[in-house]
Amino acid sequence: MAREFQRGHKAKISDLTAGTDLYVGVQIAAPGLTFDISCFGLDANEQLSDDRYFIFFNQPKSPEESIQLLGAQSGDTESFRVTLDRIPAAIQKLSFTATLDGAGQMSQIGPGYIRIVAGGEEVVRYAFTGSEFTTERAVMLGDFYLKDVWRFAAVGQGFDGGLDALLKNFGGEVAEEEAPPAPAAAAPGFAPPAQATAPPAFGAPAAPSAPQVPQPAPSFGAPSAPTPPPAPQQPVHTAPTIAAPLAPQAPQAPVPPQAPQAPSPYGQPQQPQFGQVPGQAAPPAAPFGQQAPAPYGQPAPAPYGQQPPGSMPPGAPQGVPQGVPATGAGLEAALRPYKETATGQRWTPQNQQLMRVDLTMGGAGVLARQGSMVMYQGKVDFGYKSAGFVGRAVGNATGQEMQLMRCTGRGQVFLAEEGSHLHPIELQGDGICVSAENVLAFDESLQYEVRRVEGHGIPGGALFTMLFQGTGTVVVKTHGTPVVLPVTPTTFADCNAVVAWSAASQVIVSSQVRLRRNAYPGHSGETVNLQFRGAPGNFIVVQPYEV
């Protein structure tokens, strides 16, 4: 199922799909208007240092064909084929843009989108409408950018000026646009025969052509995955064949010395017998009787560590001679560190990623993110948080799609989400603001509301957070261990990394984007930042994570 992105959302491509051969479709239209949809291949300085990576109607592919312009198909106004693992190292970013050809402005466009399809299945879509723009004549729709791995960002940023101004913004020269007519003869030669035929087959699996699509679709998705495996498999087969003759030789001579060496530190009477187990069947009975009472202590783990060298030659049943005595005791000893932790409190962390809430304590129910329950004990009722409450307010108003469930009854509920680190924050009449994306659960007794962070730097945009006040606990989830920093007049933070901040702090959205200057997106690489102000004692919580 495709993920719906909002403006500013980012994600790793590997989190969306395992494939690297991708189809990018753009749908944009308006009555009486014509659009030029292009892709800019930019270097580490966000500049078009090589004009061969400016992919548009007169230059439909890059030199190594890692970026190809496919044309209109499958309901898309324009489409591209992007092979990430073939893009040169000098290209660090792909910016997909749409510009008006002729008179008009972006506020006139109807609903549109940019989407990514992998293996014939749509994995992500960012939708936009003309109401998000005013007099702009161009829009930067989305970016593929390399930050240790390839990632996708939904940009949706309007731009004053047409294609010429956008080209100059990325460091190109308009004069070069008139040069392509000369290589035009070569460009059509590249696109029509090979690229125009193969790409449709690649994009077709998405919607229209059923008979012809299945064949090319696997060909695109397959080469990246199936092709590497055959090569590694052959050396793997050769390795076992080489190891096979060595295996019999090892047990004949080296194994006997290894068996006595391992047991010797464990104990004098039992270890020599374990080394002679392959030839003697009776001696194991003695350790079996002696190990029964001791496995609860230290003897049990040692035999497990010594079984592989001594019992590997007999075959697969490594635990047959010694496994019987160790099963009961060994399991209990191994599972003891992971037993449920009950502290007599309402909220109890079981580990860094799992939280336990005891509904029998406190009386009030608990509101948790839908899908976060991993297990529960006792009689617990789960109810959907009806429309008109925070679930819908945050889901519809903020676009962060947060839906809540109410947990009531008598029992214990265990909560987690995607292995995130969980932190219970107990409020005693004070307040805290938490990004809606980072809220996992909270006591229903808390007073909460959705707040909008206003900012002049985002055209028609804003950020949203949840304010919690009163007495109760809110569980915040983070990627990794967060850090708490004091608020100073010069404190700025990336909006994707900020988790929470004190309720008394003043938050201002600042943007480094300057639409009429060649500074997009600034020197920091971050389009939107948050500036914090407040008296001494205020704080912000930041996670060590950036999509």
Side-chain angles (χ1 to χ4, degrees), residues 1-5 9-27 37 39-42 53 55 60-76 78-96 113-127 141-155 191 194-233 418 547:
M1 182 178 179
R3 291 178 55 180
E4 295 288 342
F5 270 27
H9 281 194
K10 306 175 185 178
K12 296 179 181 178
I13 298 295
S14 57
D15 292 342
L16 303 174
T17 175
T20 58
D21 200 354
L22 307 176
Y23 171 97
V24 179
V26 176
Q27 205 283 328
I37 301 173
C39 175
F40 291 84
L42 309 176
Y53 290 90
I55 310 304
K61 65 178 181 179
S62 60
E64 71 293 328
E65 301 185 2
S66 61
I67 313 167
Q68 303 176 27
L69 186 69
L70 306 183
Q73 60 177 314
S74 303
D76 298 329
E78 189 61 88
S79 59
F80 299 82
R81 179 182 180 183
V82 177
T83 310
L84 294 177
D85 52 4
R86 296 178 59 187
I87 296 177
I91 303 301
Q92 300 283 305
K93 184 176 185 177
L94 303 180
S95 180
F96 295 90
Y113 60 78
I114 179 172
R115 63 173 180 159
I116 301 176
V117 179
E121 180 181 355
E122 184 175 324
V123 296
V124 67
R125 174 185 292 241
Y126 161 53
L141 301 172
D143 295 340
F144 284 13
Y145 63 100
L146 187 61
K147 186 177 181 181
D148 66 61
V149 295
W150 281 103
R151 305 162 187 254
F152 174 73
V155 180
Q195 296 174 357
T197 305
F202 171 76
S209 49
Q212 298 177 353
V213 169
Q215 297 176 352
S219 66
F220 289 157
S224 54
T227 306
Q233 287 176 359
E418 298 180 353
V547 296

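Remember, it's a predicted structure, so these values are computed and weren't measured experimentally.
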*Asks:* Would you say that F96 contacts V82 through its side chain, given a criterion of any heavy-atom pair below 4.5 Å between the two side chains?
*Replies:* yes

*Asks:* Any side-chain heavy atom of F152 sitting closer than 4.5 Å to one from Y145?
*Replies:* no

*Asks:* I need the D143 CG to F40 CZ distance, nearest 0.5 Å.
*Replies:* 11.5 Å

*Asks:* Considering only NZ, NE, NH1 and NH2 on the basic side and carboxylate oxygens on the acidic side, decide whether D76 and R115 come within less than 4.0 Å.
*Replies:* yes

*Asks:* Just wondering, do S74 and Y23 contact through their side chains at under 4.5 Å, heavy atoms?
*Replies:* yes

*Asks:* What distance do L22 atom CG and L16 atom CG have between them, rounded to the nearest 0.5 Å?
*Replies:* 9.0 Å

*Asks:* If you measure from NZ on K93 to CZ on F144, what distance do you get to the nearest 0.5 Å?
*Replies:* 12.5 Å

*Asks:* What residues form a side chain to side chain contact (heavy atoms under 4.5 Å, CB included) with P88, not counting sequence neighbours?
*Replies:* Y53, E64, S66, I91

*Asks:* Would you say the side chain of F80 lies within less than 4.5 Å of the side chain of I37, judging by non-hydrogen atoms?
*Replies:* yes

*Asks:* Quick one: CZ on R125 to CD on Q27, what's the gap to the nearest 0.5 Å?
*Replies:* 8.5 Å

*Asks:* For residues A11 and R3, report the shortest heavy-atom separation together with the two atoms involved.
*Replies:* CB-NH1, 4.3 Å

*Asks:* Can you tell me how far the CZ atom of R151 sits from the OG atom of S14, to the nearest 0.5 Å?
*Replies:* 8.0 Å

*Asks:* Looking at T17 and A118, would you say the former's side chain and the latter's main chain have a donor-acceptor pair under 3.5 Å?
*Replies:* no

*Asks:* Main chain of A89, side chain of Q92: is a donor-acceptor contact present, judged purely on distance under 3.5 Å?
*Replies:* yes

*Asks:* Using side-chain heavy atoms (C-beta onward) and a distance below 4.5 Å, is I87 in contact with W150?
*Replies:* yes

*Asks:* Do V24 and S79 come within less than 4.5 Å of each other through their side chains, counting heavy atoms only?
*Replies:* no

*Asks:* Which heavy atom in S95 sits nearest to a heavy atom in L42, and how many Å separate them?
*Replies:* CB-CD1, 4.4 Å

*Asks:* To the nearest 0.5 angstrom, please state how far the OG1 atom of T83 sits from the CG atom of D21.
*Replies:* 4.0 Å

*Asks:* Under the ring pair (Phe, Tyr, Trp, His ring centres under 6.0 Å) rule, collect the residues that match up with Y113, sequence neighbours excluded.
*Replies:* none

